[in-house]
Each structure stands twice: as C-alpha cells, then as structure tokens.
Amino acid sequence: MKNINHKIFFGITALLLGFMTTQVSAEVRPYKFKCQLHGTIPDLEDKPLKPAQVKVEIRTIGVNIYLTIQGPQPYDMFISTLVTDKFTGKNITSSSAMGIKSTDNETKYEREVKIARESLVLSGSTDILYRKQKVKAVFEGDCLRDS
C-alpha cells in the first residue's frame, strides 16, 4: 500500500510539473514582428519623423503585457501594463486591437501602443522632449510576423 501511494504521488507530481512547465513556456514565448513606422509631431504643424524599420516583441506573463520596440528615437521604447512606483501601465486591449498605455509617474509623459489584430497595423504615441518642450509624437505602420 505504501509503494502505491508513493507511485501515485510521484505520478501526480510529474504530471503537475509538466503542466506548469508547458503553461510557463506558452505564456513567456514572445511574438515578434518587423514594422515600417512613420510619424509626425502634430503640435509642430505635423513635423514629419524619419521613417524607420523597427523590431517589435510582445510577451505576456500572467495578466501583464510587455512590449518592446527596438529602433531609432522616438520609436524605441519599452512599455508594459505593470503598475510600479515609476510607471502606471494599463491594458487597453479591445476586440479589434491589443493595446497598452503607460504613464511615467514623475514626468507625466505618456506612451500608448496598439496593434490591430487583423491587419497587424501598429499605431501609437509617445511624449518626447523637442527643443526643451514636451510634445506628442504619433506613429503608425504595417507589420509582418517575424518567423
């Protein structure tokens, strides 16, 4: 009887560990895109921003979304739905787009990024410092899934 209990215990433990490992790897696996972005600064009579190809990576861990855009300024950013002492993040996902909005608690600078589910169009905005003035840069572009 004692051997059967040990076998059941180890079998259940192995099954649970396998399930937990599968869940963690499924949640942490990033989604990668390449996007061609272009933008403007509306407050400066739609001053154009230099277009750029960027790499985008999205990760979800638990209920939080983490998005990294690697590219030149002002497109380069890390944004998440986490709420910390430094940042207040918010999930603004809808049925048509995945989205994140984040505010720097010290400077009150805001960032927002949305990716349309069907068309994979990335759009967003970020507050930047331009000639010692806080302005909002807005950007948009088509993305392709990185294989």
Side-chain angles (χ1 to χ4, degrees), residues 8-147:
I8 292 172
F9 172 76
F10 287 119
I12 291 173
T13 302
L15 183 63
L16 287 174
L17 284 174
F19 178 72
M20 288 180 355
T21 303
T22 302
Q23 287 298 97
V24 169
S25 65
E27 289 181 10
V28 176
R29 192 180 108 235
Y31 295 95
K32 296 180 181 184
F33 302 88
K34 287 184 181 172
C35 305
Q36 185 65 40
L37 299 181
H38 58 278
T40 63
I41 302 174
D43 290 346
L44 300 177
E45 299 176 7
D46 285 327
K47 176 178 174 39
L49 300 171
K50 187 174 180 180
Q53 183 169 351
V54 299
K55 292 181 182 179
V56 178
E57 184 174 289
I58 303 169
R59 291 181 185 267
T60 59
I61 301 175
V63 297
N64 291 303
I65 303 169
Y66 304 85
L67 187 139
T68 304
I69 300 176
Q70 294 177 335
Q73 292 296 336
Y75 307 115
D76 191 75
M77 70 176 74
F78 173 78
I79 183 172
S80 77
T81 57
L82 282 177
V83 176
T84 67
D85 290 341
K86 179 126 174 81
F87 292 97
T88 301
K90 183 178 179 184
N91 185 341
I92 56 171
T93 298
S94 68
S95 60
S96 61
M98 190 269 334
I100 302 171
K101 184 173 185 170
S102 181
T103 304
D104 184 309
N105 295 332
E106 277 182 34
T107 64
K108 303 302 180 206
Y109 280 32
E110 294 182 339
R111 291 179 168 176
E112 183 176 310
V113 176
K114 290 183 181 179
I115 300 174
R117 294 182 191 275
E118 285 190 32
S119 62
L120 283 183
V121 170
L122 183 145
S123 60
S125 63
T126 183
D127 290 335
I128 61 171
L129 195 60
Y130 182 82
R131 297 186 180 169
K132 299 182 182 181
Q133 180 183 353
K134 177 182 162 182
V135 294
K136 186 170 295 293
V138 296
F139 50 88
E140 183 175 87
D142 294 326
C143 300
L144 296 173
R145 181 80 194 257
D146 202 10
S147 28

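- For the pair Val56/Thr68, no side-chain contact is recorded, criterion being any heavy-atom separation below 4.5 Å from C-beta on.
- Environment of NZ in Lys136: crowded, with over 12 heavy atoms of neighbouring residues, nucleotides or ligands closer than 6.0 Å.
- In this structure, Gly89 and Val83 approach most closely via the heavy-atom pair O-CG2, 3.6 Å.
- The backbone N or O of Val121 lies less than 3.5 Å from no partner atom in the side chain of Asp142, so there is not a single donor-acceptor pair.
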* To do: Would you sort out whether Thr126 and Phe139 count as a side-chain contact (heavy atoms from CB on, under 4.5 Å), showing the intermediate values?
  => CA-CA 9 Å; Thr126 183; Phe139 50 88; 4.2 Å; yes

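- Among all heavy-atom pairs drawn from Asp127 and Lys134, the shortest one is OD2-CE, 3.3 Å.
- Between the NZ atom in Lys32 and the CG atom in Leu144 there is a gap of 15.5 Å [rounded to 0.5 Å].
- For Lys50, the NZ atom is loosely surrounded, since the number of other residues' heavy atoms within 6.0 Å does not exceed 12.
- When all heavy atoms of Asp76 and Arg111 are compared, the closest pair comes out as O-NH2, 4.2 Å.
- Remark: Asp46 CG is packed, more than 12 non-hydrogen atoms of other residues, nucleotides or ligands lying under 6.0 Å away.
- In this structure the side chain of Phe33 reaches within 4.5 angstrom of the side chain of Ile58, judged on heavy atoms.
- Val138 is listed as a side-chain neighbour of Pro42, based on a closest heavy-atom distance under 4.5 Å.
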* Stepwise side-chain contact (heavy atoms from CB on, under 4.5 Å) test for Tyr66 and Ile100 -> CA-CA 9 Å; Tyr66 304 85; Ile100 302 171; over 6 Å; no

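- Considering all non-hydrogen atoms of both residues, Gly39 and Tyr75 come closest at N-OH, 3.4 Å.
- Using a 4.5 Å heavy-atom threshold, the side chains of Leu82 and Thr88 count as separate.
- With respect to the salt-bridge test (charged N to carboxylate O, under 4.0 angstrom), the residues Glu57 and Arg59 qualify.
- We find the CD1-NZ distance between Ile65 and Lys90 to be 13.0 Å, quoted to the nearest 0.5 Å.
- Using modelled atom types, one side-chain atom of His38 and one backbone atom of Glu140 make a donor-acceptor pair closer than 3.5 Å.
- In this structure a side-chain-to-backbone donor-acceptor pair under 3.5 Å is present from Thr93 to Gly99.
- Going from atom CG of Asn91 over to atom CG of Asn64 covers 8.5 Å, rounded to the nearest 0.5 Å.
- Distance check: Leu129 CG to Tyr109 OH gives 4.5 Å after rounding to the nearest 0.5 Å.
- Tyr130 contributes atom OH, which lies 6.0 Å from atom CG of Leu44 (distance to the nearest 0.5 angstrom).
- For Asp104 (side chain) and Phe87 (main-chain N/O), no donor-acceptor pair under 3.5 Å exists by modelled atom type.
- Annotation: side chain of Cys35 is not in contact with side chain of Gln53 (no heavy-atom distance under 4.5 Å).
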